[in-house]
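To start, the structure under review is shown below, and the notes come after it.
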Amino acid sequence: MDLLHNIGVKLIWVAVLGDWLNLVLKWVLFGERLYWWQFSIACETGPGSPSGHAMGSAGVGYVMVTSETSKENHCFNITHLRVTSAFRCLQLMLWMLLGLVELLVCMSRVYLAAHFPHQVISGVISGIIVAEIFSRVQWIYSASLKKYVCVTLYLLFFAVGLYVLLKAVGVDLLWILAKAQKWCISPDWVLLDSTPFASLLRNMGTLFGLGLGLHLSGYNETAGRKHSSSISIRTGCIGVSLVLLQLLDKMTSSSSNQLLFYLLSFCKSAVALVLPTALVPGVICWISSKSKHEKDM
Ligand SMILES: O=P(O)(O)OC[C@H]1O[C@@H](O)[C@H](O)[C@@H](O)[C@@H]1O
């Protein structure tokens, strides 16, 4: 397993678990929002505390900066005692960049009146905590498909169970959805894909897709199609994956049937991970090895 592979895996785990935790915290904390219904991009259907935008960007940004600085450490081949000034400068610049990005994200959410200041600050802090916890977790890099399926099901049933349990005792966790439907200036602004269950299914699809993609790419490698060596093959995989992901992103499903919408949301997110991790590299390597074989004959 190389370093870049591990960084990619950690990024997705932090993004998914961070967003899942954001959903649970929002349900538990019941955070009110300000006047979020006055802008289309801020007409959110989930409670306000902690901010999902602040939490997600902080968690993912923290992983990127810490991984990049340790990767540079690896590239420069330097010991802890002999850290060069260029390396320190790079570290400082990356941390400053992350600070600036977070400042802009938080200010924009408060400016749009989607959040109170304490909600964006708690979002940044909780995002960093999630990322820091995952920097100590090692089993994610070698988790089997079975483990991915178990974690996906556990997270899904935990969130749905919490919703059903609280509903049974008279607490409606979707209270802010009704508010959005009542107050957002245009009904078109209330998008089904911003609802808590759409976000839950999207995250579960992403985690399952990652597990499936890694499992299939492991199968590709044992089948002799090693797709990590050639730069041209890697570039081809990135290019084709980006085009296919753009096409996938453009696919929308009708929101008239909510259950079907959530199911398709799960499938779309899973496919978005299987494509670049297994399908595209597998097919490109198969084509290239076939043409090489034909040339040799
Ligand atoms: O809490 P915020 O900053 O308004 O963010 C809301 C977003 O939070 C994310 O966690 C969800 O995945 C999105 O579906 C949702 O739109």
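Note that the structure is a prediction, hence the values are computed from the model and not measured. Every number for a ligand or one of its atoms is a count from 1 in the order of the listing.
Of the possible donor and acceptor atoms, one in the side chain of R33 sits under 3.5 Å from a partner among the backbone N and O of P47.
Listed by number with element, the atoms of ligand 1 under 4.0 Å from a non-hydrogen atom of N22 are 10 (O). Taking every non-hydrogen atom of S51 and a distance limit under 4.0 Å, the qualifying atoms of ligand 1 come out as 1 (O), 3 (O).
Looking at N6 and K10, their side chains never bring a donor and an acceptor atom within 3.5 Å of each other.
In this structure, the protein non-hydrogen atom closest to atom 4 (O) of ligand 1 is R109 NH2, 2.6 Å. Nearest protein heavy-atom neighbour of atom 2 (P) of ligand 1: H115 NE2, 3.2 Å. Atom 5 (O) of ligand 1 has its closest protein heavy atom at H53 ND1, 2.9 Å. The nearest protein atom to atom 12 (O) of ligand 1, hydrogens excluded, is given as D19 OD2, 2.7 Å; this is a heavy-atom distance.
Residues L201 and L156 meet the side-chain proximity criterion, which asks for heavy atoms closer than 4.5 Å.
The CZ atom of R234 sits 13.0 Å away from the CD1 atom of I284 when rounded to the nearest 0.5 Å.
By the 4.0 Å N-to-carboxylate-O rule, R109 lies close enough to E44 to be salt-bridged with it.
A heavy-atom separation below 4.0 Å is found between R33 and ligand 1.
Contacts between Q119 and ligand 1, counted as non-hydrogen atom pairs separated by less than 4.0 Å, are absent for every part of the residue. Only the side chain of E44 comes within 4.0 Å of ligand 1, judged by heavy-atom distances.
Polar contact with ligand 1: absent for G48 (N/O pair, distance under 3.5 Å). Residue contacts with ligand 1: T195 is placed with no nitrogen or oxygen under 3.5 Å of a nitrogen or oxygen of the ligand (distance criterion only).
Applying side-chain contact (heavy atoms from CB on, under 4.5 Å) to V271 and the options L244, L248, L279, L212 leaves one that passes, L248. Across W27, F158, W13, a single residue satisfies ring pair (Phe, Tyr, Trp, His ring centres under 6.0 Å) together with W20, and that is F158.
One option in K26, R202, M55 has a heavy atom closer to atom 8 (O) of ligand 1 than any other, and that option is K26.
Proximity of the aromatic rings of W175 and Y163 is defined here by a centroid distance below 6.0 angstrom, and this criterion is not met.
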